[in-house]
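All residue numbers refer to positions in the sequence shown, counting from 1. Fair warning: this is a prediction, and the values are worked out from it, not measured in the lab.
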Amino acid sequence: MQVVILAGGLATRLRPITQDIPKSMVMIKGKPFLEHQLALLKNQGIEHALILTGHLSEKIVAHFGDGKRLGMKLTYHHDGGRPLGTGGALAAAAALLHERFFVQYGDSYLPYAYASIWRLFEEIRATALMVVYKNENRHYASNIAVKDGLVIDYDNDPDKRQHFAYVDAGLSLLSKTLLTLLPKDRPSATGEMFKALCTQRRLHAYSVSERPYEIGSPQGLQEIASVL
């Protein structure tokens with residue numbers, strides 16, 4: 001199982017903490033957040049992570065190297081100095097992607113059963129699966145609708161949140177063939193791909209009972225410290 005971690009954001013909501021470090025290197029309980037992420041993946045039986053970097057990427061590489069210290073294999077792809085967006089970063093790293101791979105946000109801590117998600121993906125012969133949480137606008141703004149095991153709508157417009165019960169939990173499992181849904185001539189977001197998959201009724205949903213955690217905001221930083 002390969003996990004791709006999207007760690008190229010500018011983390012503007014966490015400044016001044018992230019003025020001189022990338023979000024992945026924010027210290028929580030004496031360790032960079034990325035180290036907590038990788039420890040969780042290792043405990044789930046995942047030993048290979050591809051980290052897509054951008055802002056101050058050299059600090060991530062200098063600290064983690066090839067991952068041997070953590071008992072993992074770490075590889076990197078840098079966005080080349082210009083923001084590509086989450087979708088553009090995936091497309092640019094195509095040569096390093098396995099035929100099937102998990103993708104998760106670099107600011108998310110996701111205590112889920114990765115192997116079980118992988119097994120379902122194989123059993124139903126899916127090309128795209130999103131982990132979802134029935135949030136009902138409690139912890140985050142809900143942004144997706146789920147019906148009959150499929151994500152049927154995906155929209156981050158705050159005006160639409162009242163129509164949605166679920167939130168994207170920050171983890172998806174994708175086939176490499178889906179990269180064709182991403183534009184090649186401009187930066188893009190993975191949300192564009194997810195919207196297209198919803199329209200095609202190809203985005204399967206895996207519902208979890210445990211909420212996702214994130215460090216994208218000062219409130220998120222406080223919450224994550226309580227579960228690590």
Side-chain angles (χ1 to χ4, degrees), residues 1-6 37 40-41 43-46 48-50 52 85-87 89-91 94 97-183 188-214 216 227:
M1 295 184 289
Q2 180 192 44
V3 174
V4 180
I5 300 176
L6 300 166
Q37 282 185 308
L40 184 151
L41 295 177
N43 288 337
Q44 290 288 331
I46 295 169
H48 181 202
L50 169 61
L52 307 187
T86 51
L90 270 183
L97 298 175
H98 292 185
E99 290 306 311
R100 293 168 296 175
F101 56 92
F102 283 106
V103 59
Q104 70 178 64
Y105 303 122
D107 60 1
S108 298
Y109 188 81
L110 310 170
Y112 304 139
Y114 286 66
S116 296
I117 299 167
W118 187 278
R119 282 195 297 271
L120 176 64
F121 185 82
E122 291 188 324
E123 287 171 6
I124 63 177
R125 298 184 180 182
T127 55
L129 183 150
M130 177 184 284
V131 178
V132 302
Y133 172 69
K134 196 168 186 179
N135 176 65
E136 296 180 322
N137 291 302
R138 287 174 295 175
H139 305 292
Y140 313 101
S142 297
N143 63 347
I144 57 176
V146 175
K147 183 178 180 181
D148 299 329
L150 294 173
V151 179
I152 60 170
D153 200 0
Y154 178 103
D155 201 318
N156 286 314
D157 184 344
D159 292 334
K160 294 185 178 181
R161 69 181 66 177
Q162 67 269 23
H163 302 298
F164 298 140
Y166 289 83
V167 68
D168 169 7
L171 179 67
S172 298
L173 184 47
L174 305 174
S175 168
K176 187 175 178 178
T177 59
L178 297 177
L179 295 182
T180 59
L181 297 175
L182 295 169
S188 63
T190 51
E192 296 180 50
M193 175 175 60
F194 292 141
K195 285 185 178 182
L197 289 166
C198 288
T199 300
Q200 299 167 11
R201 294 296 189 263
R202 295 171 58 196
L203 184 54
H204 293 263
Y206 186 101
S207 183
V208 293
S209 58
E210 175 76 31
R211 62 163 289 196
Y213 295 88
E214 53 80 28
V227 298

Spacing of [X] atom [atom1] and [Y] atom [atom2] [to the nearest 0.5 Å]:
X	Y	atom1	atom2	result
S108	L40	OG	CG	11.5 Å
T199	L181	OG1	CG	10.5 Å
L150	H204	CG	NE2	5.5 Å
L110	Y213	CG	OH	11.0 Å
H98	K176	NE2	NZ	9.0 Å
L97	L178	CG	CG	11.0 Å

Could you tell me whether the side chain of [Y] reaches within less than 4.5 Å of the side chain of [X], counting heavy atoms only?
X	Y	result
I117	L171	yes
R138	Y133	yes
F194	L174	yes
V103	T86	no
V227	E210	no
E122	R100	yes
D153	H163	no
Y105	L6	yes

What class does the angle between the rings of Y114 and F102 fall in, given that below 30° is parallel, 30 to 60° is tilted and above 60° is perpendicular?
-> perpendicular

Are Q200 and T127 close enough, and set up right, to give a side chain to side chain contact (heavy atoms under 4.5 Å, CB included), and what steps lead you there?
-> CA-CA 12 Å; Q200 299 167 11; T127 55; over 6 Å; no

How close do [X] and [Y] get, heavy atom to heavy atom, and via which atoms?
X	Y	answer
V132	A205	CG2-CB, 4.2 Å
S142	A165	OG-O, 3.6 Å
S188	L182	OG-CD2, 4.0 Å
L120	L129	CD2-CD1, 4.0 Å
L197	A128	CD1-CB, 3.6 Å
R211	P111	O-CD, 4.3 Å

Residue of the set D157, N156, D155, N135 for which side chain to side chain donor-acceptor pair (under 3.5 Å) holds with N143 = N156

Donor-acceptor under 3.5 Å (Q44 side chain, Y112 main chain) =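 Present.
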
Chi angles and distances behind the side chain to side chain contact (heavy atoms under 4.5 Å, CB included) call for M1, V3 | CA-CA 7 Å; M1 295 184 289; V3 174; 5.7 Å; no

